[in-house]
2 protein chains.
Amino acid sequence: MDNETITIYDVAREAGVSMATVSRVINRNQNVKEATRRKVLEVIERLDYRPNAVARGLASKKTTTVGVVIPDISNSYFASLARGIDDIASMYKYTIVIANSDDDADKEVQVVNTLLSKQVDGLVFLGHDLSDEIRSEFSRTRTPIVLSGTVDHENQLPSVNIDYRLATHEATVALAKNNQRIALVLGPMIDAINGKDRLAGYQEALSEHGLSFSEGLVFETKYSYKDGLKLADRVKSSGATAAVVADDEVAVGLLNGLINNGVAIPEDFEIITANNSEITEFTRPGLSSIKQPLYDLGAVAMRLLTKLMNKEAIDDQHVILPHDFVKRGSTK
Amino acid sequence: MDNETITIYDVAREAGVSMATVSRVINRNQNVKEATRRKVLEVIERLDYRPNAVARGLASKKTTTVGVVIPDISNSYFASLARGIDDIASMYKYTIVIANSDDDADKEVQVVNTLLSKQVDGLVFLGHDLSDEIRSEFSRTRTPIVLSGTVDHENQLPSVNIDYRLATHEATVALAKNNQRIALVLGPMIDAINGKDRLAGYQEALSEHGLSFSEGLVFETKYSYKDGLKLADRVKSSGATAAVVADDEVAVGLLNGLINNGVAIPEDFEIITANNSEITEFTRPGLSSIKQPLYDLGAVAMRLLTKLMNKEAIDDQHVILPHDFVKRGSTK
DNA sequence: TTGTAGGCGTTATCAT
DNA sequence: ATGATAACGCCTACAA
């Protein structure tokens, strides 16, 4: 049909200059006389010319695109991080390619590979776990990578996190005031470093308060509302009277599940959740929560990545952001 | 440093064939002898060769990438749509580039332009409004575009929606049984077609039930929990005893705001919200809701887009998905 | 079945 | 300040 693809050549011809000059005005190169610059811009406008980013990417080896690997974009925790990432990215003129990993190690490897094949300038990786396969994948690419909300126990990769061990410790301590049997609800992969940190903080707090650790009080679940609901029975029959939960949606499910079973919150059961995402305010009672700087977790990671991509010197590859605690109705 | 970029030439040399042959095995072209195919694959594996998608994109004029324009990825409604889009996209081997538009017409135009410059093969557009600027932008590109959850009153662009007019009509009728003064809470741009449809359905229902329309009962707000909270006072003092709300997060805010003011739900005030996203179950009482097939709205749009990109014949450019109603505690 | 050569639309390096 | 002219890494007729 119509082959109306208009290129830099068309602009050059129409403006009576060489394509090199057109390229210069597009790239804001100073070495262009103001007069010719104006003319070129006029032609660009008139022809509705739009530079082909793919061709630029091939020639310059830069795509101004960063990949973001996310377990589940519809989870409020990750959505908040994504927002922080996106804002900073667009501030620095980067476009974002988002890829869902579904918390699946194989899919993580796969999406990372397609992202790399698309020549992204950098990568932000969000996940719970950092599997060996993905680590090896990361190790053999020169593309800068930053972890956000994902701990790397080998401490090889740049990362932005909070101190999960400490935060979980504090939450457990808070519950230990009124409870003897405190449950810990973790994500799908307890072995995940993130989970290990939380478990460690939990256990420390228990022993400091003379409480014994029992595996029957540690629960593993997928990160979703439904799974939280389902968990209510099991948690209840474990004899626990309080719980520290690693994910807000799970916590909401647990809360509503317990209430459905006639459990009074916080009188009969106390809950502290982990992310302080907006949904902690939706419930009745509201959910007391560790307060993570979600947006910042993403934003700082992205900022760090821009420095890496720009080969700037960076003081610390491992950023720990401060956390806080917000008391709501789910604790006494 | 190390210029270890390995290309199709390296593979060709190492395998003792021409680059064309390598290209063929990469692209699963049948015209390759099984033996040479194996050898090439072996070399690809050994060299850890990864095709450069940017170069492929330039040469083939296809990027296997689709752009998705979203007002706010952290809003649960859009997050659900995004999930549907992403699933179908990856099923068809497309990668997704997400761009936040913040519900801002200028930014919409801007992100659409950068998406087009990146040579996406197609575009899924989510928004409330379809501004004239964006429409003109769309009209002068040959890149296929599908609207999802976004009505185009000119009916030019392919789209996937529910019947907002009818759904709002039904919701209003349901409330008219017990209420004389029913509020309607719409998004940031009432003029948005989407909003117009809802308004029409609302007004029809009112008149059918002999209720008079009052502008004082129509509220305009941004789509967020906080704005819903803020709205509670105004809605209360308008004398309304029920409300149809166009966004779940706003509805949750309104609900909690009213409860905070001592209003009993549903005894003193009934609420019906619009999206039936997961958060409608988080609240106490739960929110009765129009039930939109959120995931499908995205999934079907993406599927439609694949057909368009593939130049397949399509029966109907304007898909209307069925909706439903879910009764929860916020209505009598 | 396999190889050769000419693009794809820019950037970037030299000259001029 | 401007213009040729190679790359960039791959696809794709066209030949062989």
Side-chain angles (χ1 to χ4, degrees), chain A residues 3-41 43-44 47-65 114 116-121 142-143, chain B residues 3-41 43-44 47-65 113-114 116-121 141-143:
Chain A
N3 194 346
E4 57 173 77
T5 321
I6 96 151
T7 78
I8 203 171
Y9 280 102
D10 302 316
V11 177
R13 179 170 20 80
E14 202 73 12
V17 299
S18 79
M19 48 155 302
T21 299
V22 177
S23 178
R24 289 194 183 92
V25 347
I26 291 172
N27 294 299
R28 294 184 165 60
N29 186 315
Q30 294 305 301
N31 295 340
V32 182
K33 202 167 29 174
E34 184 57 22
T36 64
R37 156 190 234 82
R38 293 167 102 83
K39 187 180 353 177
V40 170
L41 285 175
V43 174
I44 286 179
L47 265 47
D48 196 25
Y49 165 73
R50 180 186 294 130
N52 181 325
V54 173
R56 299 176 77 157
L58 181 57
S60 69
K61 291 172 173 289
K62 279 179 188 144
T63 55
T64 62
T65 298
T114 89
L116 290 177
S117 79
K118 301 234 176 197
Q119 314 300 118
V120 293
D121 294 337
R142 282 170 302 160
T143 306
Chain B
N3 193 347
E4 57 172 80
T5 320
I6 96 151
T7 79
I8 202 171
Y9 282 102
D10 302 316
V11 177
R13 178 170 19 80
E14 202 73 11
V17 298
S18 79
M19 49 154 302
T21 299
V22 177
S23 177
R24 288 193 184 93
V25 345
I26 291 172
N27 295 298
R28 292 182 166 62
N29 186 314
Q30 294 305 303
N31 296 337
V32 181
K33 202 169 24 176
E34 186 56 24
T36 64
R37 154 190 236 82
R38 293 168 103 81
K39 183 173 8 171
V40 170
L41 285 175
V43 174
I44 286 179
L47 265 48
D48 195 25
Y49 166 72
R50 180 186 293 131
N52 181 325
V54 173
R56 299 176 75 157
L58 182 58
S60 69
K61 292 173 173 284
K62 282 183 188 140
T63 55
T64 61
T65 298
N113 269 310
T114 87
L116 290 177
S117 79
K118 301 234 176 194
Q119 314 299 118
V120 293
D121 294 338
T141 175
R142 283 170 302 159
T143 306

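As the structure is a computational prediction, the values presented were derived from the model and not from experiment.
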Just the atom pairs and distances: protein N or O near nucleotides 10-13 of chain D's N or O, under 3.5 Å.
{"from": "D/dC10", "atom 1": "OP1", "to": "B/Tyr49", "atom 2": "OH", "distance (Å)": "2.5"}
{"from": "D/dC10", "atom 1": "OP1", "to": "B/Asn52", "atom 2": "N", "distance (Å)": "3.1"}
{"from": "D/dC10", "atom 1": "OP2", "to": "B/Ile8", "atom 2": "N", "distance (Å)": "2.6"}
{"from": "D/dC11", "atom 1": "OP1", "to": "B/Asn27", "atom 2": "OD1", "distance (Å)": "3.4"}
{"from": "D/dC11", "atom 1": "OP1", "to": "B/Asn27", "atom 2": "ND2", "distance (Å)": "3.3"}
{"from": "D/dC11", "atom 1": "OP1", "to": "B/Arg56", "atom 2": "NE", "distance (Å)": "3.0"}
{"from": "D/dC11", "atom 1": "OP2", "to": "B/Ser23", "atom 2": "OG", "distance (Å)": "2.7"}

Phosphate OP1/OP2 of C/dT2 contacted by B/Thr36 side-chain N/O (<4.0 Å) = yes
Sidechain-backbone polar pair: B/Asn27 side chain, B/Asn29 backbone, donor-acceptor under 3.5 Å | no
Can you check the A/Leu58 CG to C/dC8 P distance for me, whole Å?
-> 14 Å
Check every strand shown and say whether B/Val54 touches a base, only sugar-phosphate, or nothing at a heavy-atom separation below 4.0 Å.
-> nothing
Locate the shortest heavy-atom distance separating A/Asn52 from B/Gln119; write the atom from each residue and the value.
-> OD1-CG, 3.4 Å
Round to a whole Å and report the spacing from CG of A/Asn31 to C1' of C/dT13.
-> 14 Å
Straight-line distance of B/Leu58 CG to B/Thr63 OG1, nearest 0.5 Å | 11.5 Å
Check every atom of C/dT4, D/dA4, C/dG9 against the side chain of B/Ser18 and return the nucleotide holding the closest atom.
-> C/dT4
Test A/Arg50 against B/Asn113 for side chain to side chain contact (heavy atoms under 4.5 Å, CB included), laying out the working first.
-> CA-CA 8 Å; A/Arg50 180 186 294 130; B/Asn113 269 310; 2.8 Å; yes
Do you see a donor-acceptor pair shorter than 3.5 Å between the side chains of A/Thr65 and A/Lys118?
-> no
Provide, to the nearest angstrom, the distance between the CZ atom belonging to B/Arg38 and the C1' atom belonging to C/dT2.
-> 19 Å
Take atom NZ of B/Lys62 and atom P of C/dG7, then tell me their distance rounded to the nearest Å.
-> 20 Å
Atom CD of A/Gln119 to atom P of D/dG9: distance rounded to whole Å?
-> 9 Å
Can you tell me if B/Thr143 uses its side chain to pair, donor with acceptor, with the backbone of B/Thr141 under 3.5 Å?
-> no
Can you tell me how far C1' of C/dG3 sits from CG of B/Asn29, to the nearest Å?
-> 14 Å
Roughly how many Å is it from CD in A/Gln30 to P in D/dA1, rounded to a whole number?
-> 9 Å
Close side-chain approach of A/Ser23 to A/Ile26, heavy-atom, < 4.5 Å | no
Atom NZ of A/Lys61 to atom P of C/dA12: distance rounded to whole Å?
-> 11 Å
